[in-house]
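Structure first, then comments.
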Amino acid sequence: MGALQDPLASRRRSVTSHTPVRVRFAPSPTGPLHIGGVRTALFNWFFARHHGGAMILRIEDTDQKRYVENAVQLILDGLRWLGIDWDEGPDVGGEYGPYVQSQRITLYQQWAAWLVEHDLAYRCYCTPERLAALREEQRARKEDPGYDRHCRYLSPDERARLEMEGAPFVIRFKMPVEGTTTVHDLLRGDITFDNRQLQDLVLLKSDGYPTYHLANVVDDHFMRISHILRAEEWISSAPVHRNLYDAFGWEMPQIAHLPVILNPSGKGKLSKRSAGFTESGRKIPVLLYEFQEAGYVPEAIVNFLTNVGWSFGDDREVFSVQETIERFDLRRVNPAASVFPIEKLDWLNGVYIREMDPQRLAQLLLPVFERAGYRVDFDRLVRVVPLVQPRIKTLNDAIPVAGFFFAEEFEPAPPDALIQPKMDAAQTLDALRQARDTLAALPDFSAATQEPALRSLAQQLGLKPGQLFGVLRMATTAQQVAPPLFETMEILGRDESLRRIDLAIASLETLAQPQD
RNA sequence: GCCCCCAUCGUCUAGAGGACCAGGACGUGGCCCUUUCAAGGCCAAGACAGGAGUUCGAAUCUCCUUGGGGGCACCA
């Protein structure tokens with residue numbers, strides 16, 4: 001079969017032309033960053049960096065009603081936390097600024113007016129009430145919803161009268177009413193739409209602000225954007241954008257629609273409302289800060305997101321950002337939507353934690369323990385880190401594993417809990433007393449010194465090592481599950497370890513009458 | 001409802017007509033290691049949605065069906 005017959009042949013051609021690569025991530029400040037948005041940002045960034053191009057950050061704040069104070073700062077902080085940087089943006093400026101749409105309003109108004117002058121757009125005076133009623137009617141009659149183009153065909157007299165009255169208006173785009181529009185998607189090939197299905201979209205709202213459709217086209221043009229990498233939910237408005245570029249006489253950037261991320265249930269886009277819980281009952285994070293709060297580390301999040309919709313190849317799952325940038329290829333993005341594989345993030349996060357420099361892990365753990373109400377001695381934390389490092393998947397997991405190292409007050413385990421399987425109270429008490437003597441007599445209190453002494457003690461007592469160690473673990477940590485015993489006691493120190501063993505002995509003495 | 005997109009193990013994926021009785025990873029189960037819990041090692045189960053075509057040959061190309069997703073705002 002010849003390449004000419006292959007509809008995806010174009011997908012296999014080079015993705016870039018000779019113009020410099022310039023991509024943008026354009027969030028709207030309506031709240032914290034959504035993880036899906038983060039993925040879009042990442043793929044743009046990988047693409048830019050791979051091609052030696054520019055990453056542009058643009059704030060799309062054209063909806064005054066949904067604007068959230070502080071959101072811009074949160075978004076910038078979130079991106080930086082992940083290690084994403086940008087060459088032009090609201091904070092760093094650039095040649096094609098400003099990079100905040102609310103500061104570019106007159107530009108949009110000018111170009112909207114230009115379209116009206118050239119009969120490519122028109123003023124629409126329909127009230128929101130009329131539009132709502134129209135939609136209602138259409139629904140009742142089971143017709144397709146959509147604007148009926150009432151104002152497109154207003155007579156000059158009517159138009160003049162409405163103008164005279166000063167009726168508020170929006171500007172709508174005159175979509176071709178017949179024929180088809182084809183958009184070339186870098187991942188999917190040509191996508192063709194019947195123009196009769198397309199709408200006369202609003203370009204300029206009655207408050208003078210542009211809609212996404214206008215602002216995005218104007219900005220991408222004037223910011224010299226070469227490639228648009230945006231989420232799949234934009235596919236259906238892509239033909240309107242295509243026609244807008246044509247109306248302006250501008251070249252349209254190349255475009256690729258990235259697949260959306262689905263809920264773990266597989267039902268619908270991942271969203272805050274519907275995400276639900278993991279099998280272990282943990283709430284599934286959706287917003288970037290929720291991942292932070294849940295104890296995920298940025299390099300794991302980045303690696304994880306890279307594996308959703310794209311793959312490194314060579315059967316590798318763990319790789320660095322640098323490697324990703326070197327290898328990133330848009331043509332290998334999987335166009336299919338994917339379920340959010342959260343368990344895989346847990347694993348990957350654990351991988352990154354295990355490979356992390358212990359000093360850095362200590363730095364990351366410090367605020368986690370403090371937030372959990374512990375007063376942390378950093379030097380002790382540094383000693384604790386190697387014990388928790390292989391045992392946690394998220395930073396927060398360190399709290400149940402090692403929080404006891406930092407507890408203000410030691411709360412001893414109930415005497416019952418001290419008794420190990422196949423042992424009784426008297427045996428346990430005896431074991432504790434002898435272990436206490438053994439430990440007290442040690443020349444030093446290092447784990448390496450404790451181990452042989454306690455092993456031989458176990459043998460003397462006719463206990464399995466695990467039984468003796470279990471008793472001591474419960475006595476010194478009051479936890480059934482804890483880091484390895486000797487290292488734990490070493491960090492606790494001899495005095496504190498013996499004190500805790502004494503407490504255990506005392507509590508057992510009240511429980512069991514020692515036999516004569 | 002209409003338009004559009006998509007379709008390989010439970011999930012994320014490899015797969016560019018012969019290298020595929022389909023490879024990796026997470027998860028799951030088993031075994032080993034072991035001082036509890038982890039980590040680590042080994043092993044196992046597990047998929048080309050269905051049907052027609054094209055071809056000597058199809059996971060891969062075409063069509064239909066089915067299923068899933070996205071969109072249908074003076075939101076982005």
Side-chain angles (χ1 to χ4, degrees), chain A residues 1 5-8 11-12 26-28 30 60-63 65-66 124 126-128 131-132 135 139 142-147 168-172 185 187-188 191-194 196-199 201-207 209 211-213 215-216 231-239 257 259-260 262 264 266-269 279 304 307-318 334-348 350 354 388-393 397 401 451 454-455 458 464-470 472-474 477 479-486:
Chain A
M1 178 190 50
Q5 289 168 282
D6 181 350
L8 287 180
R11 181 181 157 183
R12 292 176 187 139
S28 58
T30 52
E60 308 215 327
D61 58 342
T62 56
D63 186 350
K65 290 186 277 298
R66 295 206 306 158
C124 167
C126 292
T127 60
L131 296 177
R135 259 192 297 272
R139 189 143 48 88
K142 297 205 155 106
E143 286 172 12
D144 293 347
Y147 181 56
F169 61 87
V170 301
I171 291 179
R172 282 183 187 272
D185 183 289
L187 304 182
R188 295 158 231 267
I191 305 174
T192 298
F193 297 80
D194 187 335
R196 279 168 300 202
Q197 299 288 338
L198 271 19
Q199 302 284 314
L201 290 183
V202 172
L203 300 177
L204 203 70
K205 302 181 244 184
S206 56
D207 63 4
Y209 277 69
T211 59
Y212 170 84
H213 308 292
N216 142 292
E232 191 183 350
E233 50 253 49
W234 292 109
I235 288 180
S236 32
S237 40
H257 292 93
V260 295
L262 271 24
K267 298 285 174 203
K269 277 196 293 188
E279 278 173 29
F304 165 75
N307 273 329
V308 180
W310 192 78
S311 66
F312 190 81
D314 295 349
D315 288 343
R316 285 184 58 193
E317 305 279 332
V318 184
N334 179 179
S338 51
V339 169
F340 195 69
I342 185 80
E343 328 73 35
K344 212 162 171 174
L345 173 60
D346 288 337
W347 163 75
L348 199 53
R354 271 172 255 135
V388 306
Q389 200 155 8
R391 280 165 240 277
I392 58 174
K393 285 190 159 74
D397 289 344
V401 173
E451 176 157 8
L454 289 174
R455 276 190 193 281
K464 287 186 189 162
Q467 290 176 300
L468 208 217
F469 302 164
L472 288 169
R473 175 176 300 108
M474 191 52 81
T477 68
Q479 296 185 178
Q480 203 145 42
V481 172
L485 178 65
F486 316 123

In whole angstrom, give me the gap between the [atom1] atoms of [N] and [M].
N: C9(B); M: A22(B); atom1: P; answer: 14 Å
N: A59(B); M: C6(B); atom1: C1'; answer: 16 Å
N: C20(B); M: U8(B); atom1: C1'; answer: 12 Å
N: G15(B); M: C75(B); atom1: P; answer: 42 Å
N: A52(B); M: G68(B); atom1: C1'; answer: 23 Å
N: G17(B); M: U62(B); atom1: P; answer: 12 Å
N: C61(B); M: G67(B); atom1: P; answer: 23 Å
N: A7(B); M: C12(B); atom1: P; answer: 12 Å

Item to check | Polar pair under 3.5 Å, donor/acceptor by atom type, side chain R188(A), base C5(B) | outcome: no

What is the distance, to the nearest angstrom, from the [atom1] atom on [X] to the [atom2] atom on [N]?
X: R135(A); N: C75(B); atom1: CZ; atom2: C1'; result: 12 Å
X: L345(A); N: C26(B); atom1: CG; atom2: C1'; result: 11 Å
X: W347(A); N: U11(B); atom1: CH2; atom2: P; result: 18 Å
X: N334(A); N: A59(B); atom1: CG; atom2: C1'; result: 14 Å
X: D397(A); N: A39(B); atom1: CG; atom2: C1'; result: 13 Å
X: I235(A); N: G68(B); atom1: CD1; atom2: P; result: 19 Å
X: Q480(A); N: U35(B); atom1: CD; atom2: P; result: 17 Å
X: L472(A); N: U35(B); atom1: CG; atom2: P; result: 14 Å

When you measure from the side chain of [X], which nucleotide among [options] comes out closest?
X: P145(A); options: C4(B), G1(B), U35(B); answer: G1(B)
X: A336(A); options: G40(B), U36(B), C6(B); answer: C6(B)
X: F193(A); options: C4(B), A76(B), A25(B); answer: C4(B)
X: W234(A); options: A38(B), G40(B), A76(B); answer: A76(B)
X: K344(A); options: U35(B), A76(B), C26(B); answer: C26(B)
X: E233(A); options: C74(B), U35(B), G71(B); answer: G71(B)
X: E232(A); options: C5(B), C2(B), A76(B); answer: C5(B)
X: K269(A); options: A14(B), G71(B), A25(B); answer: G71(B)
X: K393(A); options: C6(B), A76(B), G27(B); answer: G27(B)
X: P341(A); options: C37(B), U13(B), U11(B); answer: U11(B)

State the pairing partner of [N]; accept Watson-Crick or G-U wobble contacts with both distances under 3.5 Å, and report none otherwise.
N: A19(B); value: none
N: A59(B); value: none
N: G67(B); value: C6(B)
N: G1(B); value: C72(B)
N: U54(B); value: none
N: A44(B); value: U28(B)

Across the strands shown, which category fits [X] at heavy-atom distances under 4.0 angstrom: base, sugar-phosphate, nothing?
X: K267(A); answer: sugar-phosphate
X: F340(A); answer: nothing
X: G268(A); answer: sugar-phosphate
X: G350(A); answer: nothing
X: G146(A); answer: nothing
X: R354(A); answer: sugar-phosphate
X: S237(A); answer: nothing
X: Q197(A); answer: sugar-phosphate

Drop me the distance from [X]'s [atom1] to [Y]'s [atom2], to the nearest 0.5 angstrom.
X: K205(A); Y: K65(A); atom1: NZ; atom2: NZ; result: 6.0 Å
X: L201(A); Y: R172(A); atom1: CG; atom2: CZ; result: 8.0 Å
X: I171(A); Y: L204(A); atom1: CD1; atom2: CG; result: 5.0 Å
X: L454(A); Y: L472(A); atom1: CG; atom2: CG; result: 6.0 Å
X: R135(A); Y: Y147(A); atom1: CZ; atom2: OH; result: 12.0 Å

Do the side-chain N or O atoms of [X] get closer than 4.0 angstrom to the phosphate oxygens (OP1, OP2) of [N]?
X: R172(A); N: C74(B); value: yes
X: S311(A); N: A14(B); value: yes
X: S236(A); N: C5(B); value: no
X: K65(A); N: A76(B); value: no
X: K142(A); N: C2(B); value: no
X: T211(A); N: A73(B); value: no
X: R139(A); N: C72(B); value: no
X: R455(A); N: U35(B); value: yes

Checklist entry - Can any side-chain N or O of E232(A) pair as donor or acceptor with the backbone N or O of V260(A) at less than 3.5 Å? => result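 Yes, E232(A) side chain to V260(A) backbone: donor-acceptor pair under 3.5 Å.
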
Next on the checklist: Using heavy-atom distances to pick each residue's nearest nucleotide on RNA chain B, tell me which of P465(A) and E343(A) is more 5'.
Outcome noted: E343(A)

Item to check | Nearest-nucleotide 5' precedence on RNA chain B, T30(A) against D314(A) | outcome: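 It is D314(A), whose closest nucleotide lies nearer the 5' terminus.
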
Validation row: [X], [Y] side chains within 4.5 angstrom (heavy atoms):
X: R473(A); Y: Q479(A); result: no
X: V308(A); Y: P341(A); result: yes
X: W347(A); Y: F304(A); result: no

Checklist entry - In this structure, are over 12 heavy atoms from other groups packed under 6.0 Å from Q480(A) atom CD? => result no

